[in-house]
Amino acid sequence: MMIPLNKPLTPDLQTLTKYITQVNDKGWYTNFGPLHELLTERLEKYLGVKNLLLVSNGTLAIQVACKALNIKSAITTPFSFVATTSSLLWQGIETAFSDIDARSYNLCPISLDKALTEDNRYDGVVATHVYGNPCDVQGIKKVAIKHNKKVIYDAAHAFGIKVGDKSVLDFGDASTLSFHATKVFHTVEGGAIVFKHKKDYEKAKQLINFGIKSGGELGEPGINAKLNEYQCAVGLTLLDGIEQVISHRESLFNLYRNELKNVVELPQWHPEANINGAYMPIYIEDETLQQRVIDALAEEGIQSRRYFTPSLDLAYNKQKSYGCFNSHSIAGGVICLPLHYHMNIEAVLKITSLIKSNLS
Ligand SMILES: *Cc1c(COP(=O)(O)O)cnc(C)c1O
């Protein structure tokens with residue numbers, strides 16, 4: 001039996017058809033239609049946030065957030081999916097890298113403070129909650145206040161995550177989500193930005209509709225980044241079952257971690273955060289052992305991926321780096337194991353026992 005790394009959620013066709021029929025009957029296919037409004041409202045309620053703006057993908061979410069907050073230069077993490085950096089570079093944002101914490105794999109506030117003390121010219125900080133594990137949001141907040149920087153969190157992995165009783169999306173000036181098919185919750189392609197301030201939300205809403213103001217006059221030039229009604233229908237359909245999805249993923253994640261805690265190194269999770277089971281990263285420093293595990297899994301039809309590698313400061317080496325030693329070593333040894341809603345406990349146990357027998 002083959003076990004894929006990931007498998008997208010499948011929307012229930014009966015529910016989906018009900019929504020799509022509403023769209024066809026109304027003839028309102030995009031531009032902030034009724035399903036767009038309903039999905040916005042339901043997501044704000046479910047996530048416990050305000051000022052949520054749906055957009056057409058998680059990459060544009062980062063770009064529009066930067067534009068709305070007037071960020072023209074940024075320090076970012078080298079350890080993330082490529083879009084965290086490429087979205088900035090595509091927009092002509094001057095981008096520099098500062099190292100991650102070796103335990104959490106997230107942007108390190110101490111390294112960030114050092115970089116900003118050396119060079120105070122950046123407008124903002126762009127940090128990722130890697131694998132859904134929240135950054136040290138209090139530490140980063142202190143550094144941002146000290147140096148007067150705006151903060152954007154790439155929360156593409158952090159759907160439904162809280163720190164204490166507060167949504168992780170409440171931290172920073174804006175947080176971005178991706179609703180790509182491979183994510184915990186999806187709209188096929190899609191995303192959202194959650195703004196701290198209403199005025200930034202209003203500005204971004206104008207920017208994603210070509211820069212057209214609510215009265216119809218033209219403002220600052222914008223882009224088209226709207227989420228359409230068919231995709232909102234997928235989102236509304238999948239949102240019905242999302243609690244069950246997250247709790248199943250969480251239980252698989254906890255089982256994996258428990259089985260592997262004495263076998264491989266695991267990233268340290270934020271002590272006050274809940275778990276969404278977005279990814280299952282393990283770390284094996286020794287390259288030979290790492291390859292042995294990947295091969296042994298592949299032989300049984302089990303997909304795994306060295307993810308995220310390379311460290312992004314190496315891929316975009318014309319950009320300034322303030323030293324990314326930890327990111328290089330983590331990117332060199334990290335592997336993601338299969339984790340998705342359509343997997344069961346037996347699959348996890350099969351994978352963990354294979355890993356154990358290959359590492360003992
Ligand atoms: C998926 C992802 C993105 C990009 O989102 P898209 O919706 O695919 O554009 C950005 N950042 C991170 C960390 C991601 O995992």
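Keep in mind that what you see is a predicted model, and the values were worked out from it rather than measured. In each ligand, atom 1 is the first atom listed, and ligand 1 is the first ligand listed.
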Per-atom filter on ligand 1: closer than 4.0 angstrom to a heavy atom of T84 are 11 (N), 13 (C)
What atoms in ligand 1 come closer than 4.0 Å to a heavy atom of N57?
7 (O), 9 (O)
Numbered atoms and elements of ligand 1 in range of G58, under 4.0 angstrom, heavy atoms:
5 (O), 6 (P), 7 (O), 9 (O)
Salt bridge or not between E94 and R121? Use side-chain N to carboxylate O under 4.0 Å.
yes
Any nitrogen or oxygen of A156, main chain or side chain, under 3.5 Å from a nitrogen or oxygen of ligand 1?
no
Strictly under 4.0 Å, does any heavy atom of G191 approach an atom of ligand 1?
no
Going by the order shown, which atoms of ligand 1 are within less than 4.0 Å of some heavy atom of S80?
13 (C)
Do K320 and Y322 form a cation-pi contact, if we require the NZ or CZ to be under 6.0 Å from the six-membered ring centre and within 45 degrees of the ring's axis?
yes
Parallel, tilted or perpendicular: which fits the ring planes of F185 and F159, with parallel below 30° and perpendicular above 60°?
parallel
Nearest protein heavy-atom contact for atom 9 (O) of ligand 1: which residue, which atom, what distance?
T59 OG1, 2.6 Å
Quick note on ligand 1: atoms under 4.0 Å from a heavy atom of G190 include exactly 7 (O)
Which residue and heavy atom of the protein sit nearest atom 5 (O) of ligand 1, plus the separation
S178 OG, 3.2 Å
Could you tell me whether K146 and D113 make a salt bridge, using a distance below 4.0 angstrom between a side-chain N and a carboxylate O?
yes
Between the candidates K183, E189, H129, which shows the shortest non-hydrogen contact distance to atom 1 (C) of ligand 1?
K183
Between Y29 and Y230, what is the ring plane arrangement, given parallel below 30°, perpendicular above 60°, and tilted in between?
tilted
So which bit of D154 gets within less than 4.0 Å of ligand 1, heavy atoms only: side chain, backbone, both or neither?
side chain
4.5 Å side-chain heavy-atom contact, Y153 and T128:
no
When the aromatic ring centroids of F253 and W269 are compared, is their separation below 6.0 Å?
yes
So, is H157 polar-close to ligand 1, with some N/O to N/O distance under 3.5 Å?
yes
For the pair D240 and R42, find out whether any cationic side-chain nitrogen is under 4.0 Å from an anionic carboxylate oxygen.
yes
